[in-house]
There are 2 protein chains.
Amino acid sequence: MKRNTWQREAVRGALDANDGFVSAQALHSALHATGSPIGLATVYRALADLAVKGDADSLQSPEGESLYRACSTNLHHHHLICRNCGLTVEIEADAVERWAKDVAAQNGFTQAAHVVDVFGLCAACTAKAAASA
Amino acid sequence: MKRNTWQREAVRGALDANDGFVSAQALHSALHATGSPIGLATVYRALADLAVKGDADSLQSPEGESLYRACSTNLHHHHLICRNCGLTVEIEADAVERWAKDVAAQNGFTQAAHVVDVFGLCAACTAKAAASA
DNA sequence: GGGTTACTTGAGAAGTGTTCTCGATCACGT
DNA sequence: ACGTGATCGAGAACACTTCTCAAGTAACCC
Ligand SMILES: [Mn+2]
Ligand SMILES: [Mn+2]
Ligand SMILES: [Zn+2]
Ligand SMILES: [Zn+2]
C-alpha cells in the first residue's frame, strides 16, 4: 500500500507546473528554490513511481539524462522536444506505430518496444538564437 | 592530423568483429580477453572518434549506456536491436524520415533530429527464453 | 637512420547521474 | 492514541564516462 506524503504531492505538483520535460535534479532544485527541504533521493523515487504508474512519461535526453513530464494523456504517444528550453509537443502517429510493430515481426523479434523522439529548437528558441547570432 | 596507432586499429577491428551493438566496456573486455593491453580511456576515445567520423553508429541503450556498432552503410538508417544479445538489423524507412521532418516543421521547430530505435528479443533469444521458462 | 615535436596513451583521479543503506520519521489502519 | 511498517533523507556507494598528466611514440624533416 502506497502512502500519501507531502513529498510525493510536491513532486507531482512541480511536474505539473512544468510544461516541458525536466530532470530529477532540475525538479529537486526547483523545489528547493521554493523552500522545500525535500531530499534528492525522494525526488528520484517519486518520479520513478509516477513513471511506473503511467502518470508521467520519461525519456532519455541525447546526453543520457532521464527526463520526466506529466503528460495530458496516458495513451501511448511520442514527443517533439526543444533541446534548449524543454518545451514539448505531444505527437501521435499511427503510421509509426504500425511500422515499428511490423518491422519487428518481419524480423522475428518479439516483445518489441520502440523509442521515437524528435528533438529540435522550438520557434521561440530559434528566434532567440538568430537574434544573438 | 590523426595518427595511426595499433590501439585505434584494434578498436576498429573489434567493432567489425562484432555484429551487434556493444558498449565501450564490453569492447575493452573483449580486447583484454585476447591479450591486448589497451586502456579503457583509449577505447572510449577511439569509439567517439569513429562515431564522429561516421564510421560507427552509436545509440543509447534503454539503461543509458552508449553502444556502438560498425554499420554496413554510412547512409542514415535505424536499428532493430535484440536487448538480450545485441543482434542488430539495420532498417530504413523513408516514411518515418518524412514524418519526422514534417512534424517538426509543422510545429515551428528547426534543426530537428530524431531518435528512432526498436528493441526486442530476436528469434534465437525468444526461443531460448521459452525453453528455459 | 636520427632527431624533433606534437599527438596519443593509460593509470588513476575526478565528474555525473542514479541507486543504495539504514537509522529516524511518519502515515494510516486499528 | 498506538503500533507497525512504509517512507524519508544524508551520505555512501555505484556505474559509466571524461579528465589529468607523465611517459610513449607516429609522423615529419633533415
Ligand atoms: Mn509509438
Ligand atoms: Mn531516420
Ligand atoms: Zn525552446
Ligand atoms: Zn538476441
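A, B, ... follow the sequence lines: proteins, then strands. Residue 1 opens every chain.
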I'd like to know if the side chain of [X] and the backbone of [Y] have a donor-acceptor N/O pair within less than 3.5 Å.
X: A/Gln60; Y: B/Pro62; answer: yes
X: A/Ser132; Y: A/Ala130; answer: no
X: B/Thr126; Y: B/Leu121; answer: yes

Given atom [atom1] of [X] and atom [atom2] of [N], what is their separation to the nearest angstrom?
X: B/Leu31; N: C/dG10; atom1: CG; atom2: P; value: 11 Å
X: B/Glu9; N: D/dA26; atom1: CD; atom2: P; value: 11 Å
X: B/Glu65; N: C/dT18; atom1: CD; atom2: P; value: 15 Å
X: A/Glu63; N: C/dT18; atom1: CD; atom2: P; value: 12 Å
X: B/Gln25; N: D/dA15; atom1: CD; atom2: P; value: 10 Å
X: B/Leu40; N: C/dT9; atom1: CG; atom2: C1'; value: 13 Å
X: B/His28; N: D/dT17; atom1: NE2; atom2: P; value: 13 Å
X: A/Leu47; N: D/dG9; atom1: CG; atom2: C1'; value: 16 Å

Using a strict threshold of under 4.0 Å (side-chain N to carboxylate O), is an ion pair present between B/Glu90 and B/Arg69? yes

Result for side-chain contact (heavy atoms from CB on, under 4.5 Å) between A/His28 and one of A/Val22, A/Val11, A/Ile38 points to A/Ile38

Sorted by position of nearest nucleotide on DNA chain D, 5' first, the leading residue of B/Ala48 and A/Ile38 is A/Ile38

Minimal heavy-atom distance between B/Cys82 and B/Cys125, with the atoms involved, is SG-SG, 3.7 Å

Compare side-chain N and O positions of [X] against OP1 and OP2 of [N] and report whether any pair is under 4.0 Å apart.
X: A/Tyr44; N: C/dT19; value: no
X: B/Thr42; N: C/dT9; value: no
X: B/Gln7; N: D/dT25; value: no

Margin query: Does A/Glu92, at its CD atom, have more than 12 non-hydrogen atoms belonging to other residues, nucleotides or ligands within less than 6.0 Å?
Written below: no

What about B/His79 and B/Phe21, are their ring centers closer than 6.0 Å? yes

**Message:** Before we go on, tell me: are the rings of B/His114 and B/His76 under 6.0 Å apart, centre to centre?
**Reply:** yes

If hydrophobic clusters are built by linking Ile, Leu, Val, Met, Phe, Trp and Tyr wherever their side-chain heavy atoms come under 4.5 Å apart, do [X] and [Y] end up in the same one?
X: A/Val118; Y: B/Val115; value: no
X: A/Leu59; Y: A/Val116; value: no
X: B/Tyr44; Y: B/Tyr68; value: no

Per-nucleotide protein contact along nucleotides 20-30 of chain C, 5' to 3', at a 4.0 Å heavy-atom cut-off (B base, S sugar-phosphate only, - neither), is BB----BBS--

Per the under-4.0 Å heavy-atom filter, residues of residues 49-62 of chain B near DNA chain D come out as none

message: Under 4.0 Å, counting only non-hydrogen atoms across every strand here, what does A/Ser23 touch: a base, just sugar-phosphate, or nothing?
response: nothing

Rounded to 10°, the angle between the first-five-pair and last-five-pair axes of the helix from C/dG1-D/dC30 to C/dT30-D/dA1 is 40°

